[in-house]
Every structure is written in C-alpha cells, then in structure tokens.
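Only a predicted model underlies this, so the values are computations on that prediction, with no experimental measurement involved.
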Amino acid sequence: MIGIIGAMEIEISGLRAVMENRQSETISGIRFDWGSISGVLCTLAVCGPGKVNAAVCAQTMAMRFHPRLIINSGVAGGIGEGIQINDVVIATAVVQHDMDTSPIGDPVGLISGINLVEIPADKTASRILEQQAQDIYEGGVFRGIIATGDQFIASHSRMRSICEQFHAMACEMEGGSIGQVCYMNQIPFAILRAISDNGNDDAVLDYPKFARQAADRSIALLTAALPRLSETLE
C-alpha cells in the first residue's frame, strides 16, 4: 500500500474521485480512504494545515495501514532562485525552518531525538516523480530541499532568510513533520510540491488563484506515477 497525504481537500479530492473499491474510516478526526488508483492499493488522507495535524495524520496512517511509502503532495511557495509559479519541486530532503534550539548550541533546524537538520527523502521515489513530472508540468521540474514551518510565508525578507539558511527551494507547512514521522517509523517518503506562489508580498493574492491549478497537476502526476512507484516496492 502507498499512502498519500494532502493538507487540503483540493489536493486529494481528484485522487479520491478515481479510487476504485473505496472504503473509508475516520480516526482522530481524520478521514482515511483506501482502495485502488491506477491499479495500485492506496490510502488517502487530508491532514489539515500545519505540522501537528500532518504528524498526527502520518503517524495514524503508519499504524493503521502500514504503507510501504508515504507521499505528501500539495502546493507550496517557491522561494529558491529561479522557482516560478507552475513549477514543481520534489524534495531531496525536508527541514523544519521554525525549529530553533540554537541558544543552547544546536544548529538552527536541528530536530532533537533524531539529531538531523535535513531528513532525506527516498531517492528512488523522488526520481520517479521527477521523471513523470516532465510529462505533466509546463513549468520547470526541480529537486531540492523543501522547508516546513507553522507559518504562511508572505514576506520577501522572511522568504530570503529561509532560502539562505537552509538552501531551500520551496516552503510549506506539512512536509517536514511528515518526513520526521516517516523517518522515525522507517517508512520511505517523498514530498511533491507544485508552486502556487513565490512566498513574497504577493503570496496572499497569488495563492487562491493558482492553488487549484497546482493541485490538479499534482493529482495528474501521482495518478500516472503510482504504477511505477508500486513496482519499486515489490
């Protein structure tokens, strides 16, 4: 089984619509759907925005459905140089930009317990998503670090700070915590982010305009990539 998590309904509804033999269950207030997409057994969930919601969803999915791969798909602000709206970023690693115990001597972003700043995404799954994205996206396809924090970034100065601190290409609110849960449970993960804004002073205006389009392209990419991803897990 492959698990797919989105923060918002628009990031999952298209996948749910094409799921065959669908069943549903609600756990901890989160609806989980499972069935087949493109011939692959999957479970879907909308976690809601933010790191705690995402972590609760990922841990519940891990314990209830035992997925062999978890994919977090959705939209993000593009903060890396040259990243534009309608591009896609696939994570090589995730960081949590709002994790900061540096006053006691730790590097900014260090996650206590696992002692990592960068949590690596699964290379094989990420490469398959990158290859498949070439056929789906009109914009650029990038691989790089995706930064997560409990903030919607709509400030040029804050965007630049996160980009420079972590060499991040995109910024969002869930992937880093899902990556942490997967790392702790030894589950491979991939993070896919279609760019809906540039994390700057226009982000509040750009996000509603481009979020639906970005989410639809992510859904098309996953539908096409699932059979190849499943083959790597056999």
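Side chain of Glu11 to main chain of Ala7: a donor-acceptor pair is present (N/O by atom type, distance under 3.5 Å, no hydrogens or angles). Ser230 places no side-chain N or O within donor-acceptor distance of the main-chain N or O of Leu226, the cut-off being under 3.5 Å. Proximity of a side-chain donor or acceptor of Asn53 to a complementary backbone N or O of Gly50 within less than 3.5 Å is not detected. Between the side chain of Ser38 and the backbone N or O of Thr223, at least one donor-acceptor pair lies under 3.5 Å. The backbone N or O of Asp150 lies less than 3.5 Å from a partner atom in the side chain of Asp98, making a donor-acceptor pair. Of the possible donor and acceptor atoms, one in the side chain of Thr232 sits under 3.5 Å from a partner among the backbone N and O of Leu229. Checked by atom type and distance alone, the side chain of Ser161 never pairs as donor or acceptor with a backbone atom of Ser157 at under 3.5 Å. Checking side-chain atoms of Asn72 against main-chain N and O of Ile5 turns up a donor-acceptor pair under 3.5 Å.
Looking at Leu192, Val141, Asp135 one by one, the single match for side chain to side chain contact (heavy atoms under 4.5 Å, CB included) with Leu221 turns out to be Leu192.
The two residues Gly6 and Ile12 have their closest heavy-atom pair at N-CD1, 3.6 Å. The heavy-atom pair separating Thr60 from Ser28 by the smallest distance is OG1-OG, 4.4 Å. Smallest separation of non-hydrogen atoms from Gly3 and Pro67: N-CB, 3.8 Å. Between Ala76 and Ala170, the shortest heavy-atom contact is CB-CB, 4.2 Å. When all heavy atoms of Ser126 and Ala190 are compared, the closest pair comes out as OG-CB, 4.4 Å. Pairing each heavy atom of Ala147 with each of Ile162, the nearest pair is CB-CG2, 3.7 Å.
Leu15 and Phe65 fall into different hydrophobic clusters, where Ile, Leu, Val, Met, Phe, Trp and Tyr side chains are chained together by heavy-atom contacts under 4.5 Å. Hydrophobic clustering of Ile, Leu, Val, Met, Phe, Trp and Tyr side chains at less than 4.5 Å, counting indirect connections, keeps Val46 apart from Val52. No continuous path of ILVMFWY side-chain contacts below 4.5 Å connects Met99 to Met159, so the two sit in separate hydrophobic clusters. Both Ile136 and Val18 belong to a common hydrophobic cluster when Ile, Leu, Val, Met, Phe, Trp and Tyr are linked at side-chain heavy-atom distances under 4.5 angstrom. Hydrophobic clustering (side-chain heavy atoms under 4.5 Å, transitive across Ile, Leu, Val, Met, Phe, Trp, Tyr) groups Ile4 together with Val40.
Note that the CD1 atom of Ile187 and the CG atom of Asp122 stand 12.0 Å from one another [nearest 0.5 Å]. The SG atom of Cys182 sits 8.0 Å away from atom CG of Leu69, with the distance rounded to the nearest 0.5 Å. Separating the CG atom in Leu110 from the OG atom in Ser102 is a distance of 10.5 Å, to the nearest 0.5 Å. Here Gln96 contributes atom CD and Gln180 contributes atom CD; the two are 5.0 Å apart, rounded to the nearest 0.5 Å. With rounding to the nearest 0.5 Å, the separation of NE2 in His97 from OG1 in Thr148 is 7.0 Å. Note: Ile191 CD1 to Ile146 CD1 = 6.5 Å, rounded to the nearest 0.5 Å.
At a threshold of 4.5 Å between non-hydrogen side-chain atoms, the residues Phe166 and Val117 count as touching. Side-chain contact check for Ile37 versus Leu44: some heavy-atom pair is nearer than 4.5 Å. The shortest distance between side-chain heavy atoms of Leu222 and Leu129 falls below 4.5 Å.
No more than 12 heavy atoms of other residues, nucleotides or ligands lie within 6.0 Å of CD in Glu20, so this atom counts as exposed by the packing criterion. Around atom CE of Met1, more than 12 heavy atoms belonging to other residues, nucleotides or ligands sit under 6.0 Å away.
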Does the side chain to side chain contact (heavy atoms under 4.5 Å, CB included) test come out yes or no for Val89 and Asp87, once each step is laid out?
-> CA-CA 7 Å; Val89 178; Asp87 290 347; 5.7 Å; no

Just do the side chain to side chain contact (heavy atoms under 4.5 Å, CB included) check on Arg127 and Arg143 with the steps written out, would you?
-> CA-CA 9 Å; Arg127 185 178 66 252; Arg143 287 183 66 190; 4.2 Å; yes

Ile111/Tyr183 under side chain to side chain contact (heavy atoms under 4.5 Å, CB included): CA gap, chis, key distance, verdict = CA-CA 12 Å; Ile111 301 171; Tyr183 182 87; over 6 Å; no

Show your working on side chain to side chain contact (heavy atoms under 4.5 Å, CB included) between Ile30 and Phe32 and close with a plain yes or no.
-> CA-CA 6 Å; Ile30 300 169; Phe32 294 87; 3.7 Å; yes

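A salt bridge is defined here as a Lys NZ or Arg NE, NH1 or NH2 lying under 4.0 Å from an Asp or Glu carboxylate O, and Arg31 with Glu9 fails to meet this definition. Ion pairing of Arg193 with Glu174 is present here, as a side-chain N (NZ or NE/NH1/NH2) and a carboxylate O approach within less than 4.0 Å.
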